[in-house]
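Please read the structure below before turning to the comments.
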Amino acid sequence: MKPALLVAILLASGPCSPPQPLTATVSAVASDKAKVGESVQLVIKVTNTGPLIPHLGLVFRSEDRWFERHQVTDFAGCAVASEQSAFDCGNLNAGDSRSFAFQGVATTAGAFHYELALRELVQPFEWVNDHADGADAQTWDETVS
């Protein structure tokens, strides 16, 4: 390819800008005490303050995963993406707000620690509210007797 043609193609494609970071406000409320067989709830509210988040993933970064410790009876419009330790909640457009109210039944006795962060579940798999020391996470503990 001739150098002049290559320069023309690069100039025509315009300047490259870094992608806009994925940002959102997030809050989580969950049952913290239950007995095996009792109903429990996990509610995550997300307001997208950045660009479209494709396949919003509510990713469990802890060893404990809520969907493994409970029989989920209401997936709040999401699906389990077990290979990514996440709930896949579909696209979340810029400026949109959604609440995900998961319902379940406690199935396993013990003390559990949950750490949940948001990430897009399509490549390049960028985290929401990511920082040099890691993505913001919601954490809570649950005791099931």
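Each residue takes its place number in the sequence, starting with 1. Side chains included, hydrogens not; waters and symmetry mates left out as well; all remaining heavy atoms used. Everything quoted here is computed from the prediction, not taken from an experiment.
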If hydrophobic clusters are built from ILVMFWY residues whose side chains come within less than 4.5 Å, do Y114 and V43 share one? no
To the nearest 0.5 Å, tell me how far C78 SG sits from L58 CG. 5.5 Å
As an exercise, state the distance from CZ of R119 to CG of L22, rounded to the nearest 0.5 Å. 11.5 Å
To the nearest 0.5 angstrom, please state how far the OG atom of S31 sits from the CH2 atom of W66. 7.5 Å
Which pair of heavy atoms, one from A101 and one from Q41, lies closest together, and at what distance? CB-NE2, 4.2 Å
Quick check on the hydrophobic clustering: are V80 and F125 connected, directly or via other members, by side-chain heavy-atom contacts under 4.5 Å? no
Looking only at heavy atoms, the pair that brings A28 and I44 closest together is CB-CD1, 3.5 Å
Kindly give the heavy-atom pair with the smallest separation between A135 and A117, and that separation in Å. CB-CB, 4.5 Å
Assess the side chains of S85 and R65: does a donor N or O sit below 3.5 Å from an acceptor N or O? yes
At what distance, to the nearest 0.5 angstrom, does CG of L118 lie from CD1 of I53? 6.5 Å
V46 vs R98 side-chain heavy atoms within contact, under 4.5 Å: no
Kindly determine whether W127 and V59 satisfy side-chain contact (heavy atoms from CB on, under 4.5 Å), including the steps that lead there. CA-CA 10 Å; W127 291 96; V59 180; 3.9 Å; yes
Check: Q84/H55 side-chain N/O donor and acceptor closer than 3.5 Å: no
Would you say the side-chain atoms of H131 and D136 include a donor-acceptor pair closer than 3.5 Å? yes
What heavy-atom pair brings P51 and P21 nearest, and what distance separates the two atoms? CD-O, 3.3 Å
Is there a continuous path of hydrophobic side-chain contacts, each under 4.5 Å between heavy atoms, that joins V36 to F112? yes
Do V29 and F60 share a hydrophobic cluster, counting only Ile, Leu, Val, Met, Phe, Trp and Tyr and linking them when any side-chain heavy atoms are less than 4.5 Å apart? no
T23 pairs by side chain to side chain donor-acceptor pair (under 3.5 Å) with which of N48, T49, T47, D130? T49
How long is the straight-line distance from CZ of F87 back to CZ of F100, given to the nearest 0.5 Å? 11.0 Å
For Q71, look at atom CD and say whether over 12 heavy atoms of other residues, nucleotides or ligands are found less than 6.0 Å away. no
Is there a path from L121 to L52 through hydrophobic residues (I, L, V, M, F, W, Y) whose side chains come within less than 4.5 Å of each other? no
From E126 CD over to E120 CD, what is the distance, rounded to the nearest 0.5 angstrom? 5.0 Å
Using the side chain to side chain donor-acceptor pair (under 3.5 Å) definition, which of the options H113, R69, H70 pairs with E142? H70
Do any pairs count as a salt bridge (charged side-chain N to carboxylate O under 4.0 Å, His left out) and have a residue in residues 37-62, sequence neighbours left out, and if so which ones? R61-E115
What pairs of residues pass the disulfide (SG to SG under 2.5 Å) test when at least one of them lies in residues 115-145, not counting sequence neighbours? none
Please assess F67 against F75 for the test side-chain contact (heavy atoms from CB on, under 4.5 Å), listing each intermediate value before the final yes or no. CA-CA 9 Å; F67 57 83; F75 288 89; 5.7 Å; no
